[in-house]
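Below is one structure; the comments refer to it alone.
Start at 1 and go down the list; that is how both ligands and their atoms are numbered. Only heavy atoms go into these numbers, but all of them, side chains included; no hydrogens, no water, no symmetry mates.
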Amino acid sequence: MGEYIGFSTILVIFLLSLSANAEVFKVSSSSGSDITQALLKAFKSACQSPSASHVVIPKGEFKLGEIELMGPCKAPIEITLQGTVKADGNTKHGRERWVVFSRINGFKLNGGGIFDGEGNAAWRVNNCHKTFECKKLPISIRFDFVTEAEIRDITTLDSKNFHINVLGAKNMTFTNVKVIAPAESPNTDGIHLGRSDGVKILNSRISTGDDCISVGDGMKNLHVEGVVCGPGHGISVGSLGRYGHEQDVSGITVVNCTLQETDNGLRIKTWPSAACATTASGIHFENIILKNVSNPILIDQEYCPWNQCNKNKPSTIKLVDIKFKNIRGTSGNKDAVKLLCSKGHPCQNVEIGNINIAYKGADGPATFQCSNVKPKLVGTQNPKACSAPVVKTH
Ligand SMILES: *[C@@H]1O[C@H](CO)[C@@H](O)[C@H](O)[C@H]1NC(C)=O
Ligand SMILES: *[C@@H]1O[C@H](CO)[C@@H](O)[C@H](O)[C@H]1NC(C)=O
Ligand SMILES: *[C@@H]1O[C@H](CO)[C@@H](O)[C@H](O)[C@H]1NC(C)=O
């Protein structure tokens, strides 16, 4: 025991001296001022530092315009946001970006601070939930091609569009991230990820107006654990197959999460008559608690939100090795489980284990619908698997 304490003490001193050695670039501005140029300058200097560097934005409230903090940098870089940075409330942007971190290898973002997207006015003009070609509004935080990254203890508030977008990341972990926007804010996905490999989202709290977490094409090895979602539209893989040149999805694990008061729970959605023929495989949802969640379990291979697709052409996206295990709680509507797979490519190797979902409404009890799928059943099934006729709601 004594030896163990001795070792960790030495370790702590070693780490302290490491961070003491990191060159520190403090963004020192008076509260209320615009720090866009100061932050850009501090980041550029830090990025050129041959040894590890640290950029600190102190406590206080600052204005921040559109900014891209771009590597590659010469050594690992840490950004600590202690205060709040605020976007402007302008809705005329036309660019889907506010703060962009790009091409940095060895990156930390932390500090307990807040990215406030000031989305209120933008939500009134955001029409992305209504139409295919919609107004482009800033995504609050983009991570483009960031590798070996650790994002911890930050909050994103009231984004105009998605809160966080991850593209081309490798080995990235989000821990204790808070996402906050009202339930009625449109298109404010919490964390959207695509074309990345090895991302973890741990112990985070997401309350927003669209998907808490949405997974796009090309995502591999995503692990989500200890996330509480709601309000919001749940955790979603897809939509897949809207565009050509999409890539396969594989290895998506969602465990020990709670969904509360969400529209949709655990969803996989693909477009009919898809423009590409990809496979989404190894998608496992396990140990999930539902509190009054509408459509708690949903595979929808006829996803077509604006009725602009040919539904007679079945989806060409293959769904393989899909597991829903230990899912329990309450549904907000009768359609508790719907597994609606493609006629052209029935879902393969689907396992449903220990499902216990209650629905208390007058039109109850809860139902379980299946088409083009023969799930392997393990343990309890409540409602009874595939017992209800398929009701097309499209
Ligand atoms: C990601 O992590 C794995 C395992 O630690 C490592 O082998 C791989 O090189 C890392 N990839 C990048 C791009 O850092
Ligand atoms: C999830 O929670 C259970 C019960 O609290 C725990 O045993 C398990 O290690 C946790 N993590 C995973 C990945 O299942
Ligand atoms: C469940 O959610 C619905 C909205 O989807 C709401 O109308 C209803 O009051 C909620 N029920 C409970 C018991 O909280």
- Query: Got a salt bridge between Arg97 and Glu66, using NZ or NE/NH1/NH2 to carboxylate O under 4.0 Å?
  - Reply: yes
- Item | Cationic N near anionic O, under 4.0 Å, Glu225 to Lys200 |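 No salt bridge links Glu225 with Lys200.
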Distance-only donor-acceptor pairs under 3.5 Å for side chains of residues 361-368, two or more places apart:
from   : atom 1 : to     : atom 2 : distance (Å)
Asp363 : OD1    : Tyr359 : OH     : 2.5
Thr367 : OG1    : Lys334 : O      : 3.4

- Residue Glu261 vicinity, atoms of ligand 3 by number, heavy atom under 4.0 Å: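 The list of qualifying atoms is 1 (C), 2 (O), 14 (O).
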- Note on the structure: Note: ligand 3 atoms sitting under 4.0 Å from heavy atoms of Asn292 are 1 (C), 2 (O), 3 (C), 8 (C), 10 (C), 11 (N), 12 (C), 14 (O)
- Distance-only donor-acceptor check, side chains Gln301 and Thr270, under 3.5 Å: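 Yes.
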Show every donor-acceptor pair shorter than 3.5 Å between a side-chain atom in residues 212-220 and any protein atom, with sequence neighbours excluded, or say none if there are none.
from   : atom 1 : to     : atom 2 : distance (Å)
Ser214 : OG     : Asp189 : OD2    : 2.9
Ser214 : OG     : His192 : ND1    : 2.8
Asp217 : OD2    : Arg195 : NE     : 3.2
Asp217 : OD2    : Arg195 : NH2    : 3.0
Asp217 : OD2    : Gln247 : N      : 2.7

- Task: Would you mind telling me if ligand 2 is within reach of the side chain of Glu286, the backbone, both or neither, using heavy atoms under 4.0 Å?
- Result: neither
Would you give me the side-chain donor-acceptor pairs under 3.5 Å for residues 24-33, sequence neighbours excluded?
from  : atom 1 : to    : atom 2 : distance (Å)
Ser31 : OG     : Glu61 : N      : 3.0
Ser31 : OG     : Glu61 : O      : 3.4
Ser33 : OG     : Ser30 : O      : 2.6

- Task: Kindly check if Cys386 and Cys370 bring their SG atoms closer than 2.5 angstrom.
- Result: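 The answer is yes, since Cys386 and Cys370 bring their SG atoms under 2.5 Å apart.
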- Query: So is Asn256 polar-close to ligand 2, meaning N/O to N/O under 3.5 Å?
  - Reply: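 In this structure, Asn256 places an N or O atom under 3.5 Å from an N or O of ligand 2.
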- In ligand 2, the atoms that come under 4.0 Å of a heavy atom of Val255 are 13 (C)
- Any idea which residues sit under 4.0 Å from ligand 1, heavy-atom distances?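 If the criterion is a heavy atom under 4.0 Å, then ligand 1 touches Glu148, Lys170, Asn171.
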- Message: Between Leu109 and Phe143, does the side-chain contact (heavy atoms from CB on, under 4.5 Å) criterion hold? Intermediate values first, please.
- Response: CA-CA 11 Å; Leu109 174 65; Phe143 297 99; 4.1 Å; yes
